[in-house]
Amino acid sequence: PQGTDTRRLDQLNLPQPGIRSSRKKMDELVASVAAVGVVVPLVVRLLGGSKKREEYSVIAGVGRLEALRRTGAGPDYLVPCVVVEVDDAEATLLSLVENTVREAMRPFDEAEAARVLVGDYGFTQERVAEALGTNQTTVSRTLAVFELDRAVVAALRRGDIEMGTARALLPLKEDAKAQRRLLGHIIKDNLNAVQVSALVANDLFGAAALAPLRYTVAGAGKVDARTTRAGKLKVVLIAEDRKGLERLMASVGKKL
């Protein structure tokens with residue numbers, strides 16, 4: 001690091017892949033930056049440009065940069081920065097880790113950064129998981145969304161659908177036409193992951209599929225029943241006691 005310095009707002013660029021904070025977090029950041037400015041320096045690296053206008057990519061502090069722009073700060077506004085020298089792979093990894101922890105990145109942006117690290121820079125899923133403090137299975141499930149049809153991935157990138165909703169389409173990853181058809185319903189009717197799972201099960205198993213059942217029986221417990229991706233019926237009963245279990249079993253029997 002070269003120590004804390006300042007750079008003009010118009011010298012600072014968002015990293016690639018693009019990273020955005022969640023809407024709620026962004027509203028909080030805008031209010032904070034408008035009140036006290038950027039207190040914690042951004043971590044940036046030099047991209048190039050002329051001596052008159054060097055350009056930098058933001059590694060950590062993407063949310064603060066976007067919040068500052070939304071306050072109406074002009075291009076000559078001086079932003080506190082720490083300049084570091086790292087290569088593309090290191091910059092992407094640092095950006096993923098720092099912005100996940102500090103800026104509440106959107107889940108899709110986390111996934112895209114992980115995809116770049118694994119696909120473009122040869123990182124293992126285990127290394128990405130270690131950096132994020134998670135496990136390889138979680139990273140694998142996250143990366144699976146890129147196996148979906150490009151129209152679904154594009155909707156994710158725009159924020160039209162959520163990651164959980166997209167993952168519910170994974171059983172149809174070999175059927176792009178079905179994915180696009182359901183995507184239209186998801187966006188039009190604002191369907192959640194549970195509703196999408198029901199539609200997917202219906203596509204795969206027809207009349208044999210069970211619409212998800214999730215309900216509570218007062219004084220007895222909870223019921224969660226659905227058709228799995230393998231076409232099997234999964235029923236989870238959480239009972240208060242033995243009598244409660246009997247009531248739940250009777251309730252499920254009537255609904256099935």
Side-chain angles (χ1 to χ4, degrees), residues 13-23 25-26 57-60 62-63 66 87-101 103-204 228-230:
N13 301 308
L14 294 176
Q16 294 296 329
I19 294 172
R20 289 182 288 174
S21 295
S22 66
R23 183 175 299 176
K25 183 69 174 180
M26 179 53 61
S57 175
V58 176
I59 295 175
V62 170
E66 183 62 23
D87 62 25
D88 289 348
E90 292 172 320
T92 301
L93 181 62
L94 285 172
S95 184
L96 173 61
V97 174
E98 290 293 326
N99 290 298
T100 296
V101 174
E103 310 287 358
M105 287 169 60
R106 296 187 313 155
F108 176 76
D109 290 323
E110 292 181 26
E112 194 151 46
R115 180 186 62 81
V116 170
L117 287 169
V118 173
D120 295 353
Y121 300 129
F123 282 50
T124 64
Q125 293 183 9
E126 288 81 1
R127 185 178 177 189
V128 174
E130 182 181 2
L132 291 175
T134 184
N135 55 62
Q136 182 271 333
T137 301
T138 298
V139 173
S140 179
R141 289 181 65 248
T142 296
L143 293 175
V145 297
F146 294 102
E147 300 175 29
L148 293 169
D149 182 71
R150 60 184 180 182
V152 177
V153 176
L156 265 172
R157 182 174 286 109
R158 293 192 303 268
D160 292 342
I161 63 175
E162 300 294 332
M163 283 287 287
T165 308
R167 280 197 293 265
L169 291 171
L170 282 171
L172 298 175
K173 66 181 181 181
E174 303 299 330
D175 191 342
K177 184 177 180 180
Q179 291 177 52
R180 290 194 293 268
R181 172 171 51 78
L182 291 182
L183 177 62
H185 290 302
I186 293 169
I187 295 174
K188 179 182 177 182
D189 299 324
N190 194 29
L191 302 181
N192 59 35
V194 174
Q195 293 169 315
V196 174
S197 293
L199 291 177
V200 169
N202 188 67
D203 256 46
L204 292 173
T228 69
R229 293 178 180 179

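Just so it is clear, the model here is predicted, and its values are computed rather than measured.
The minimum heavy-atom distance between Leu93 and Ala131, with the atom names listed, is CD1-CB, 3.7 Å. Among all heavy-atom pairs drawn from Leu143 and Ala111, the shortest one is CD2-O, 3.9 Å. For the pair Val62 and Val58, the tightest heavy-atom approach, listed with the atom from each and the gap, is N-CG1, 3.8 Å. Minimum heavy-atom separation, Ala113 to Thr92: O-CG2, 4.0 Å. Across all non-hydrogen atoms, the minimal contact from Pro107 to Met163 is CB-CG, 3.4 Å.
The line from OH of Tyr121 to CG of Asp87 is 8.0 Å long, rounded to the nearest 0.5 Å. Separating the CG atom in Leu156 from the CG atom in Leu169 is a distance of 9.0 Å, to the nearest 0.5 Å. A distance of 6.5 Å separates CG of Leu14 from CD of Glu66, quoted to the nearest 0.5 Å. Note that CZ of Arg115 and CZ of Phe108 are 7.5 Å apart. Values are rounded to the nearest 0.5 Å.
For Asp120, the side-chain hydrogen bond (donor to acceptor under 3.5 Å, both in side chains) test picks out no residue, with sequence neighbours left out. When the side chain to side chain contact (heavy atoms under 4.5 Å, CB included) test is applied to Ser197, the partners found at least two apart in sequence or on another chain are Ala168. Looking at residues two or more places apart in sequence or on another chain, you find no salt bridge (Lys or Arg N to Asp or Glu O under 4.0 Å) involving Glu162.
Ser95 places no side-chain N or O within 3.5 Å of a backbone atom of Ala91 that could act as its donor or acceptor partner.
Atom CZ of Arg150 sits in a sparse spot, with 12 or fewer heavy atoms from other residues, nucleotides or ligands closer than 6.0 Å.
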Got a list of side-chain donor-acceptor pairs under 3.5 Å for residues 182-192, not counting sequence neighbours?
unit_1: Asn192; atom_1: OD1; unit_2: Val194; atom_2: N; d: 3.1
unit_1: Asn192; atom_1: OD1; unit_2: Gln195; atom_2: N; d: 2.8

Side-chain donor/acceptor pairs under 3.5 Å, residues 170-179, sequence neighbours excluded:
unit_1: Lys173; atom_1: NZ; unit_2: Glu147; atom_2: OE1; d: 2.8
unit_1: Asp175; atom_1: OD1; unit_2: Lys177; atom_2: N; d: 3.4
unit_1: Asp175; atom_1: OD1; unit_2: Ala178; atom_2: N; d: 3.0
unit_1: Gln179; atom_1: OE1; unit_2: Asp149; atom_2: N; d: 2.7
unit_1: Gln179; atom_1: NE2; unit_2: Leu172; atom_2: O; d: 2.8
unit_1: Gln179; atom_1: NE2; unit_2: Lys173; atom_2: O; d: 3.3

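Using a 4.5 Å heavy-atom cutoff, the side chains of Thr142 and Glu110 are not in contact.
For the salt bridge (charged side-chain N to carboxylate O under 4.0 Å, His left out) condition, no pair includes a residue of residues 123-132, sequence neighbours left out.
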